[in-house]
Asks: 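Mind looking over this structure? Questions follow.
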Amino acid sequence: MPEFRQNVATKDWVIIATERAKRPHDFTKKKELIEIPPFSKNCPFCPGNEEKTPPTLYEVKKGSQWQVRVIPNKFAALSKEGKFKRIGNFPFHSMTGIGVHEVVIETPIHNLSPALLPIDDFKTLLKVYRERYINIFSSRPRTELIIIFKNHGESAGTSLDHPHSQIVATPIIPLHIKYRVDEALRFFDSTGDCVFCYMMQRELESGERIVAKNESFVVFVPFAASSPFETWIMPLRHSACYGAINDNEIENLAEIFSSFLKKLYFGLDNPDYNYMIKSAPSDRRNNEHYHWYIKIIPRLTKTAGFEMGSGMYINSTIPEECAEHLRNVKIE
């Protein structure tokens, strides 16, 4: 019997299509192997090609070579220059497209999969995310929301093979994020608890959907996962804002995040995926009711008419089976 499941934190409903559910191993598809070199003379992100990109905003070096480099996106969705201004009259609201759009070049090695990034380099990448997050909020007073995300693979939206992620800061908060923050506040007003902490504790007590845990983070497939192998990484310490992560937590996040990406790499044959760091808007960064987390979506299915028409997703896997499959993937 199919069932509806609701995510207690987001209030989203999904359909778990048990009657046509696929087994986790059904999503392990061997890709056509394409030889990618460690350096490409035509890649703007490879060392020696720095003149092909906008000037460096921030970098971390290892010896004389940069290890991580942050640049403005050459084809930015938003502009850093200009003044924030509302344009037009009701109902035709618009405003100038002011904001930040940066690219984080994660490694100088052109063909290095994120799952195989050395652990020290992964720690450095997470620290760079933190530094840019803090810098943007402190230097751009109109910033309301910062999204840090990665598109891995063609079906996830990437256009360049070289490992990179992106940071976008906007002066507005999208309606669906406002709604989720407001729902979290309502839960807090009713119970005195953070709904994300509550959700995480229930997942830990159940254990069915837990993939991994260390002293600072837990990795789990949500009870109401909206797609096959959707996974969340959540800090055990309550914190609304990624910018508040400390160095010890970065060490632990690097270990558990890198391990999870290896599980995708070896357990699902390196699928395309997106990950997003979901952090509180600017006015909620120190509150008690919101909780930052990382959401990973392997691109194993396509969004179709029902999802677009209803806003509700059909998941053709059973979350408990996905978690078990990931737990059992050997990465050593």
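Nothing fancy with the numbering, it's 1 onward along the sequence.
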Asks: Taking the inter-plane angle between the rings of Phe188 and His289 on a 0 to 90° scale, is it parallel (under 30°), tilted (30 to 60°) or perpendicular (over 60°)?
Replies: tilted

Asks: Side chains of Tyr58 and Val104, heavy atoms from C-beta outward: is any pair under 4.5 Å?
Replies: no

Asks: Against Gln166, only a single residue in Lys150, His101, Glu102 fulfils side-chain hydrogen bond (donor to acceptor under 3.5 Å, both in side chains); can you say which?
Replies: His101

Asks: Can you confirm whether Phe266 sits close enough to Lys330 that some side-chain heavy atom of one is under 4.5 Å from a side-chain heavy atom of the other?
Replies: no

Asks: Parallel, tilted or perpendicular: which fits the ring planes of Tyr129 and Tyr242, with parallel below 30° and perpendicular above 60°?
Replies: perpendicular

Asks: Is the shortest side-chain heavy-atom distance between Asn270 and Ser113 below 4.5 Å?
Replies: yes

Asks: Nearest 0.5 Å, please: how far is SG in Cys43 from NE2 in His164?
Replies: 9.0 Å

Asks: Any non-hydrogen side-chain atom of Pro319 less than 4.5 Å from a side-chain atom of Phe223?
Replies: no

Asks: For Leu160 and Phe45, which heavy atoms make the closest approach, and how far apart are they?
Replies: CD1-CE1, 3.5 Å

Asks: Look at the side chain of Asn252 and the backbone N and O of Glu215, then say whether any donor-acceptor pair between them is shorter than 3.5 Å.
Replies: no

Asks: Could you go through the side-chain contact (heavy atoms from CB on, under 4.5 Å) check for Phe229 and Ile296 one step at a time?
Replies: CA-CA 8 Å; Phe229 294 95; Ile296 305 106; over 6 Å; no

Asks: Check whether Asp272 reaches the backbone of Ser155 with its side chain - one donor and one acceptor, N or O, closer than 3.5 Å.
Replies: yes

Asks: So does Glu183 pair up with Arg180, basic N to acidic O under 4.0 Å?
Replies: no

Asks: Looking at side-chain heavy atoms only, is the closest gap between Pro235 and Ile245 below 4.5 Å?
Replies: no

Asks: Answer yes or no: is there an ion pair linking Asp189 with Arg186, defined by an N-O contact shorter than 4.0 Å?
Replies: no

Asks: Looking only at side chains, do His238 and Glu288 share a donor and an acceptor under 3.5 Å apart?
Replies: no

Asks: Could you tell me whether Lys11 and Asp182 have a side-chain N and a carboxylate O separated by less than 4.0 Å?
Replies: no

Asks: Treating Ile, Leu, Val, Met, Phe, Trp and Tyr as nodes and any side-chain heavy-atom pair under 4.5 angstrom as an edge, say whether Trp66 and Ile71 lie in one connected cluster.
Replies: yes

Asks: Less than 4.5 Å apart, side chain to side chain, heavy atoms only: is that true for Leu204 and Phe220?
Replies: no

Asks: Which heavy-atom pair separates Pro72 from Pro55 by the least distance, and what is that distance?
Replies: CD-O, 3.2 Å

Asks: Kindly compute the distance separating CG (Leu125) from CD1 (Ile250), expressed to the nearest 0.5 Å.
Replies: 10.0 Å

Asks: Go through the steps to decide whether Val100 and Lys80 satisfy the test side-chain contact (heavy atoms from CB on, under 4.5 Å), and finish with yes or no.
Replies: CA-CA 6 Å; Val100 173; Lys80 256 188 168 180; 3.9 Å; yes

Asks: Please test Val218 against Glu203 for side-chain contact (heavy atoms from CB on, under 4.5 Å), starting from the C-alpha separation and ending with a verdict.
Replies: CA-CA 10 Å; Val218 61; Glu203 290 287 5; over 6 Å; no

Asks: Checking side-chain polar atoms at under 3.5 Å, does Lys262 have a donor or acceptor matched by the opposite partner on Ser258?
Replies: yes

Asks: So which atom in Ser316 and which in Pro228 form the shortest heavy-atom distance, rounded to 0.1 Å?
Replies: OG-CG, 4.1 Å

Asks: If you group Ile, Leu, Val, Met, Phe, Trp and Tyr by side-chain heavy-atom gaps below 4.5 Å, do Leu116 and Leu268 land in one group?
Replies: yes

Asks: Would you check if the side chain of Lys62 reaches a backbone N or O of Gln67 as a donor-acceptor pair within less than 3.5 Å?
Replies: no

Asks: How close do Ile136 and Ala169 get, heavy atom to heavy atom, and via which atoms?
Replies: CG2-CB, 3.7 Å

Asks: Can you tell me if Glu50 and Thr56 form a side-chain donor-acceptor pair at under 3.5 Å?
Replies: no

Asks: From Asn42 CG over to Asn49 CG, what is the distance, rounded to the nearest 0.5 angstrom?
Replies: 8.0 Å

Asks: Just by distance, do the side chain of Glu307 and the backbone of Ala304 share a donor-acceptor pair under 3.5 Å?
Replies: yes

Asks: Are Ile331 and Tyr265 close enough, and set up right, to give a side-chain contact (heavy atoms from CB on, under 4.5 Å), and what steps lead you there?
Replies: CA-CA 9 Å; Ile331 61 174; Tyr265 186 90; over 6 Å; no

Asks: So which heavy atom on Lys178 is nearest to which on Ile173, and how close?
Replies: CE-O, 3.4 Å

Asks: Find the distance between OG (Ser310) and CH2 (Trp13) and round it off to the nearest 0.5 Å.
Replies: 13.5 Å

Asks: Can a donor-acceptor pair be found, under 3.5 Å and without considering hydrogens, that links the side chain of His162 to the backbone of Thr107?
Replies: yes

Asks: With hydrophobic residues grouped by side-chain heavy-atom distances under 4.5 Å, do Phe217 and Leu261 end up in a single group?
Replies: yes

Asks: Taking Asn135 for its side chain and Glu131 for its backbone only, find out whether a donor-acceptor pair lies under 3.5 Å.
Replies: no

Asks: Check whether any side-chain heavy atom of Cys194 sits under 4.5 Å from a side-chain heavy atom of Met200, and report yes or no.
Replies: no

Asks: Is the number of heavy atoms from other residues, nucleotides or ligands under 6.0 Å of Asn89 CG greater than 12?
Replies: no

Asks: I'd like to know if the side chain of Lys123 and the backbone of Ala254 have a donor-acceptor N/O pair within less than 3.5 Å.
Replies: no

Asks: Go through the steps to decide whether Tyr275 and His152 satisfy the test ring-ring contact (aromatic ring centres under 6.0 Å, His included), and finish with yes or no.
Replies: CA-CA 8 Å; Tyr275 71 65; His152 174 69; 9.3 Å; no

Asks: Check the angle between the aromatic planes of Tyr133 and Phe137 and answer parallel, tilted or perpendicular using the 30° and 60° thresholds.
Replies: perpendicular

Asks: Say whether Ile134 and Ile277 are linked into one hydrophobic cluster, either directly or through other cluster members, by side-chain heavy-atom distances under 4.5 angstrom.
Replies: no

Asks: Are any side-chain N or O atoms of Asn7 and backbone N or O atoms of Thr10, one a donor and one an acceptor, separated by less than 3.5 Å?
Replies: yes

Asks: Side chains of Asn315 and Thr317: do they bring a donor and an acceptor to under 3.5 Å?
Replies: yes

Asks: Between OG1 of Thr124 and CD of Glu106, what distance do you get to the nearest 0.5 Å?
Replies: 12.0 Å

Asks: Under a 4.0 Å N-O cut-off, is there an ion pair linking Arg5 with Glu230?
Replies: no

Asks: Can you tell if the side chain of Leu264 reaches within under 4.5 Å of the side chain of Thr231, non-hydrogen atoms only?
Replies: no

Asks: Please indicate whether Phe149 has more than 12 foreign heavy atoms, meaning atoms of other residues, nucleotides or ligands, lying under 6.0 Å from its CZ.
Replies: yes

Asks: On the 0 to 90° scale, with breaks at 30° and 60°, tag the Tyr293-Trp232 ring pair as parallel, tilted or perpendicular.
Replies: parallel

Asks: Just verifying a value: how many Å separate Leu117 CG and Leu112 CG, rounded to the nearest 0.5 Å?
Replies: 5.5 Å

Asks: Within the side chain of Thr53, is there an N or O that forms a donor-acceptor pair under 3.5 Å with the backbone of Pro44?
Replies: no

Asks: Determine the minimum heavy-atom distance between Val181 and Pro281, stating which atoms define it.
Replies: CG2-CD, 3.9 Å

Asks: Please say yes or no: joined through hydrophobic side-chain contacts below 4.5 Å, possibly via intermediate residues, are Ile146 and Val103 part of one cluster?
Replies: no

Asks: Main chain of Gly97, side chain of Ser79: is a donor-acceptor contact present, judged purely on distance under 3.5 Å?
Replies: no

